[in-house]
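Written out below as structure tokens is the structure these notes cover.
Remember, predicted model here, so these are calculated numbers, not experimental data. Order of the sequence lines sets the chain letters (A, B, ...), proteins ahead of strands, with each chain counted from 1.
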Number of protein chains: 2
Amino acid sequence: MWKENLDSISIDCVIFGFDETGLKILLIKRAGEPQKGKWALPGGFVQTNEDLDSSAKRILKELTGLSNIYLDQLYTFGEVDRYPLRRVISIAYYALVKIRDYNLKASANAKEAIWHPIDQAPKLVFDHNKILNNGIEKLRNNVRFHPIGFELLPKKFTLSQLQQLYEAILDKALDKRNFRKKILSMDLLINLNESQQGVAHRAAKLYQFDKNKYKELKARGFNFEI
Amino acid sequence: MWKENLDSISIDCVIFGFDETGLKILLIKRAGEPQKGKWALPGGFVQTNEDLDSSAKRILKELTGLSNIYLDQLYTFGEVDRYPLRRVISIAYYALVKIRDYNLKASANAKEAIWHPIDQAPKLVFDHNKILNNGIEKLRNNVRFHPIGFELLPKKFTLSQLQQLYEAILDKALDKRNFRKKILSMDLLINLNESQQGVAHRAAKLYQFDKNKYKELKARGFNFEI
DNA sequence: TCAAAAGTGTTTGCAATACACCCATGC
DNA sequence: GCATGGGTGTATTGCAAACACTTTTGA
């Protein structure tokens with residue numbers, strides 16, 4: 001198997017996750033020079049025989065052990081001096097991960113990968129803070145028009161969890177009744193007729209995202225704006 | 001002056017223009033192999049000492065003679081086999097050109113550059129049709145939320161021209177009264193108190209885009225949706 | 001019985017839409 | 001005077017926003 005790298009083309013990934021405490025970003029401590037031990041976006045070099053999307057997929061798999069992650073190209077950063085040793089152009093991707101599926105032990109590198117609250121990201125190497133901000137902005141824009149939020153939630157979720165997610169991403173409070181009205185009217189959720197277990201209050205109903213319905217509506221040009 | 005190229009990184013430009021007959025795209029006939037003489041998006045290789053944006057700017061300047069063109073990065077295409085001779089990754093940009101400013105004679109290459117109606121683009125080399133479609137889609141999305149249409153019109157324009165432009169980009173008819181109401185209510189146009197000359201009907205008023213007002217409103221988070 | 005979150009409708013205001021006629025100009 | 005596009009207002013509808021109380025459950 002070929003593993004030769006294009007050493008002037010890298011991929012960097014802005015990996016988002018979400019849990020009870022808010023929106024998170026997955027960062028690593030660099031294993032090699034330059035800037036060894038400093039916080040960075042997960043990334044790597046593109047191999048000679050792989051497409052860019054495949055490369056991003058591979059890097060994510062190596063880091064998190066997960067396949068089938070939502071992945072989208074973000075922007076390409078190519079300033080002459082962005083990387084100190086030589087000229088490296090980086091194609092940034094952003095990924096949405098169901099944080100509960102992600103298992104730290106799955107990966108060799110993982111001990112050095114940590115979820116950081118989105119608003120407490122440390123200083124990153126090179127131009128990675130710029131890339132991160134670009135990713136946050138894109139997530140904010142996209143979530144308003146495409147139902148991608150579901151990629152960050154467990155398969156079964158409550159309407160409150162969904163609302164908390166939107167509030168975290170958009171960074172503003174939403175009205176509960178209006179939010180539910182809007183979401184349910186899109187007819188994209190399957191009511192599972194199940195309830196939460198073991199909560200110290202009225203148990204919420206669980207829902208699931210209806211992918212088939214989504215495809216169908218999308219094909220008809222339906223507008224998913226929140 | 002350095003002119004060495006990164007021979008695995010190219011820039012391709014989707015260049016839009018607009019005139020009385022509709023929305024146009026600027027295409028060239030390839031001057032060199034491979035696929036010499038075939039239609040292609042204008043492009044070139046990134047030089048070792050230039051940023052990606054600068055490279056796109058240079059390529060546009062060489063082709064059209066114009067500086068100060070609206071330019072935005074589109075997407076990066078990096079399939080292993082997209083270019084036949086070797087692996088070349090292409091960063092696509094899209095540009096909006098005031099077609100009347102563009103002077104064919106300004107450029108050495110220009111004799112081989114021709115504006116094509118957007119819906120009559122020929123078959124292009126490599127993956128350029130894919131890039132073109134990507135550009136059209138992005139233009140459609142962006143024009144609805146950012147006042148970029150003005151980049152395609154002469155400095156002074158009539159409301160009808162503006163409407164025709166939007167209709168061409170969005171590919172649908174708009175109601176004249178509602179369109180005017182909406183546009184004028186945004187308060188982004190300066191009424192020049194001048195009129196068209198030499199038309200065989202009532203002369204229309206001329207307007208100009210108010211860049212300062214735009215910056216001001218943008219800073220306040222104003223929504224420019226059409 | 002208390003705490004904590006789930007769940008539920010109605011009213012109000014604004015913005016999008018639909019729609020038709022008179023006006024100015026050049027030929 | 002006629003053909004051509006310029007310019008204008010109102011009524012209706014639908015959607016977004018604001019808003020508060022009852023229900024369920026576990027501790």
note: Leu174(B), atom CG; dA18(C), atom P; distance rounded to Å ~ 11 Å

The answer to which of Leu159(A) and Ala203(B) contacts DNA chain C further toward the 5' end, by nearest nucleotide, is Leu159(A)

Checking dT25(C), dT8(D), dA6(C) against the side chain of His201(A) (C-beta onward), the nearest is dA6(C)

Checking dG9(D), dT8(C), dA6(C) against the side chain of Arg177(B) (C-beta onward), the nearest is dG9(D)

Examine distances only and state if a side-chain atom of Lys61(B) and a backbone atom of Asn68(B) form a donor-acceptor pair shorter than 3.5 Å. no

Asn193(B) atom CG is separated from dG7(D) atom P, nearest whole Å, by 12 Å

key: Donor-acceptor pair present, Arg202(B) side chain and dA3(D) base, under 3.5 Å   = no

Asn223(A) CG to dA16(C) P, in whole Å, measures 13 Å

Between CD of Glu225(A) and P of dA16(C) the distance, given in whole Å, is 11 Å

Under a 3.5 Å cutoff, is there a donor and acceptor pairing between the side chains of Asn141(A) and Lys138(A)? no

Sorted by number, residues from residues 140-157 of chain B placing a heavy atom under 4.0 Å from DNA chain D are none

Between Gly78(A) and Ile89(A), the two heavy atoms sitting closest are CA-CG1, 4.0 Å

task: Answer with yes or no whether Lys205(A) presents, from its side chain, a donor or acceptor under 3.5 Å of a partner atom in the base of dG7(C).
output: no

(request) Decide if the gap between the ring center of Phe157(B) and the ring center of Phe18(B) is smaller than 6.0 angstrom. (result) no

Only one of Asn142(B), Asn134(B), Asp12(B) passes side chain to side chain donor-acceptor pair (under 3.5 Å) with Tyr94(B), and that residue is Asn142(B)

Separation of dG26(D) atom P from Gln196(A) atom CD, nearest Å, is 11 Å

Task: Phosphate OP1/OP2 of dA6(C) contacted by Ser160(A) side-chain N/O (<4.0 Å) - done: yes

When Val199(A) and Asp175(A) are each assigned the nearest nucleotide of DNA chain D, the 5'-most assignment goes to Asp175(A)

Taken to the nearest whole Å, CZ/Phe179(A) to C1'/dC15(D) is 17 Å

Taken to the nearest whole Å, CG/Leu162(B) to C1'/dG7(D) is 15 Å

Kindly indicate whether the side chain of Leu23(B), heavy atoms from C-beta on, has any atom under 4.5 Å from the side chain of Ile136(B).
no

Atom CZ of Arg180(A) and atom C1' of dA6(C) are separated, to the nearest Å, by 6 Å

Does Asp127(B) use its side chain to pair, donor to acceptor, with the backbone of Lys130(B) at less than 3.5 Å? no

Between the base of dT8(C) and the side chain of Lys181(A), is there any donor-acceptor pair under 3.5 Å? no

Tell me, do Asp210(B) and Tyr214(B) make a side-chain contact under 4.5 Å, heavy atoms counted?
no

If each end axis of the helix from dT1(C)-dA27(D) to dC27(C)-dG1(D) is fitted on five C1' pair positions, the angle between them, to 10 degrees, is 0°

Identify all side-chain donor-acceptor contacts of residues 194-209 of chain A below 3.5 Å with residues at least two apart in sequence or on another chain.
unit_1	atom_1	unit_2	atom_2	d
Glu194(A)	OE1	Lys156(A)	NZ	3.2
Glu194(A)	OE2	Lys156(A)	NZ	3.1
Gln196(A)	OE1	Ala204(A)	N	3.1

Nearest heavy-atom approach of Leu152(A) to Gly17(A) is CD2-CA, 3.7 Å

With the side chain defined as heavy atoms from C-beta on, Lys176(A) is closest, among dA6(C), dT17(C), dA27(D), to dA6(C)

Taking for Gly198(A) and for Lys182(A) the nucleotide of DNA chain D with the nearest heavy atom, the one nearer the 5' end belongs to Lys182(A)

